[in-house]
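This report concerns only the one structure given below.
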Amino acid sequence: MSKFIVVTGGVVSSLGKGITAASLGRLLINRGLKVAVQKLDPYINVDPGTMSPYQHGEVFVTDDGTETDLDIGHYERFLNISCDKNCNYTSGKIYSKIIQKERAGEYLGRTIQVVPHVTNEIKESIKSVAKPDIDVVIVEIGGTVGDIEGLAFLEAVRELRMELGASNLLFLHVALLPYLEAAKEVKTKPAQNSVKELTRLGIQPDILVCRTNKGIVVDDEMKEKLAMFCNLRGKEWVIHNTDASCLYEVPLLLQKEGLDTIVCKQLKLKTKRANMINWKKMVSHIEKKKREINVAVVGKYTAVADAYISVTEALKHAGLANDVDVRVTLVSTDDVKEKGAMQMLAGYSGIVVPGGFGTRGIEGKIEAAKYARENNIPYLGLCLGMQIAVIEFARNVLKMEGATSSEFDPETKFNVIDIMEEQKNITNKGGTMRLGLYPCELKEGTKAYEAYQTKHIEERHRHRYEFNNKFKADFERAGMIASGINTKQDLVEIVEIPANKFYVASQFHPEFKSRPYLSHPLFKAFISACKD
């Protein structure tokens with residue numbers, strides 16, 4: 001039977017519940033346990049697929065094509081697992097299921113209520129992650145305790161604790177301990193009030209994880225005070241979680257605080273101590289002073305760093321693999337368009353154009369792709385970044401005036417990027433793209449093949465528009481080749497310019513499969529080219 005750890009957060013949002021949960025998962029895996037994860041998001045959207053990155057950061061995509069919260073990306077990177085459709089549930093997804101059942105008459109005429117129908121559906125969703133071979137399921141509830149949208153989720157896990165017992169379901173609460181500069185002291189009252197709000201809802205946290213800024217000391221006296229006023233068993237159940245110099249250091253800090261030990265104690269899991277030797281070596285390598293490589297990520301959501309979190313992490317992983325320190329700068333497409341590529345991009349060792357939707361920022365991205373191509377600067381295009389490379393090449397090399405994507409101009413004469421036939425009549429924007437894992441065959445002798453060192457690959461997608469094969473021969477004669485093809489559907493997956501040092505662009509999102517200890521081949525090859 002799987003055990004459950006439910007992670008909640010209080011005081012403020014963005015405390016790092018996801019990183020805390022992922023770090024705990026890594027410690028449990030290194031104790032020899034098999035761990036699964038789930039994120040419950042209280043918002044009404046069915047999934048984050050139609051949400052603006054300004055609202056919720058990037059949309060992470062799993063192998064099976066589920067559009068999920070970005071925390072799922074943290075889980076995959078920390079735990080080296082592949083999540084699926086059961087890893088992320090929202091209020092919208094829960095209510096959609098209930099409404100479908102009600103319309104089909106499955107409730108036999110009963111009045112549908114939050115309790116028990118919504119809470120029962122949430123409990124079933126949580127249990128869907130538990131498998132016979134899974135030892136521990138870590139469930140993170142998004143938002144902050146007290147949010148009206150999250151009440152049904154909290155009630156559901158309260159009921160689940162009653163059903164399973166304290167040795168099978170543990171509550172871990174993450175709260176802020178703010179430091180007041182004027183008073184020169186750390187205040188515990190916000191954390192106490194957060195726990196009080198949780199207990200008012202019938203949930204008594206077993207463990208309190210206290211988030212602080214770096215350099216703040218949470219001593220035994222403060223831990224004892226928090227344990228007393230938050231009804232915890234003792235100071236060892238109060239865990240100090242300070243800001244770390246790098247994300248991947250957090251599991252080591254939490255191990256030092258004894259988090260995984262007390263978790264195993266309550267859940268009655270008999271395991272050896274987590275062996276973190278290799279993880280420590282990785283963190284030491286990350287923190288070691290190395291040569292710096294500056295890379296520009298040219299996008300339109302640069303005001304929100306989380307909009308490109310998987311891309312920036314994949315670049316850092318590639319830096320680790322190449323023994324360099326990759327410094328990533330998010331460069332606004334508007335700035336590139338207004339001030340010029342030379343002014344905004346001169347001095348960078350490499351240029352990345354990531355994914356995106358809509359017409360805003362397109363011309364700035366095209367300028368970035370042109371600048372990289374003409375100046376032989378390593379270029380990596382991701383999804384829309386591939387389409388941008390194709391459009392730029394069509395306009396400036398093939399001299400196809402006004403060449404673009406039919407997404408941006410349905411009437412263009414040169415629709416070098418076009419929508420797939422089966423996508424043309426789809427009006428529902430949610431979950432209807434080419435999503436998830438698709439196969440690709442690489443051409444030997446290309447930079448893509450050199451990077452992967454294999455002919456057959458599978459990568460994750462999230463898009464509607466594709467390279468228009470009508471123009472394929474024109475491109476290849478002029479020097480941009482299709483080095484990766486989905487042979488089943490005859491779709492171009494990778495384009496590159498062999499004459500350039502590194503000018504490679506993929507229709508898929510390789511960043512989703514990158515790991516800190518196993519850099520993605522395309523990112524690794526890109527940073528290798530940037531080193532020169």
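Atoms considered below: every heavy atom in the structure, side chains included; atoms not considered: hydrogens, waters and symmetry mates. On a predicted model such as this, the values are computed, not experimentally measured, just so you know.
By the 4.0 Å N-to-carboxylate-O rule, E313 lies close enough to K316 to be salt-bridged with it. Electrostatic pairing of E363 and R395 counts as a salt bridge here, judged by a charged N lying under 4.0 Å from a carboxylate O. Electrostatic pairing of R434 and E493 counts as a salt bridge here, judged by a charged N lying under 4.0 Å from a carboxylate O. The pair R464-E407 does not count as a salt bridge, with every side-chain nitrogen at least 4.0 angstrom from each carboxylate oxygen.
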>> Show, in sequence, the C-alpha distance, side-chain angles and deciding distance for K300 and D334, and conclude whether the salt bridge (charged side-chain N to carboxylate O under 4.0 Å, His left out) test is met.
In response: CA-CA 7 Å; K300 64 178 180 179; D334 292 336; over 6 Å; no
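With a 6.0 Å radius and a threshold of 12 heavy atoms from other residues, nucleotides or ligands, K85 has its NZ atom at or below the threshold.
Remark: aromatic rings of F475 and F393 are close, center separation under 6.0 Å. Ring pair H74/Y248: centre-to-centre distance not below 6.0 Å.
Side-chain atoms of N241 do not come within 3.5 Å of backbone N or O of V209 as any donor-acceptor pair. For N322 (side chain) and K524 (main-chain N/O), a donor-acceptor pair under 3.5 Å exists by modelled atom type.
Partners of E58 under the salt bridge (charged side-chain N to carboxylate O under 4.0 Å, His left out) rule, at least two apart in sequence or in another chain, do not exist in this structure. Residues satisfying the salt bridge (charged side-chain N to carboxylate O under 4.0 Å, His left out) criterion with D323, sequence neighbours excluded, are K288. Scanning for side chain to side chain donor-acceptor pair (under 3.5 Å) contacts around K101 gives E121, with sequence neighbours left out.
Aromatic ring pairs are classed by plane angle as parallel below 30°, tilted from 30° to 60° and perpendicular above 60°; the pair H461 and H463 is tilted. Between Y54 and Y301, the angle of the ring planes goes over 60°, which puts this pair in the perpendicular group of the 30/60° scheme.
Of the candidates T68, T90, N88, N88 is the only one forming a side chain to side chain donor-acceptor pair (under 3.5 Å) with D41.
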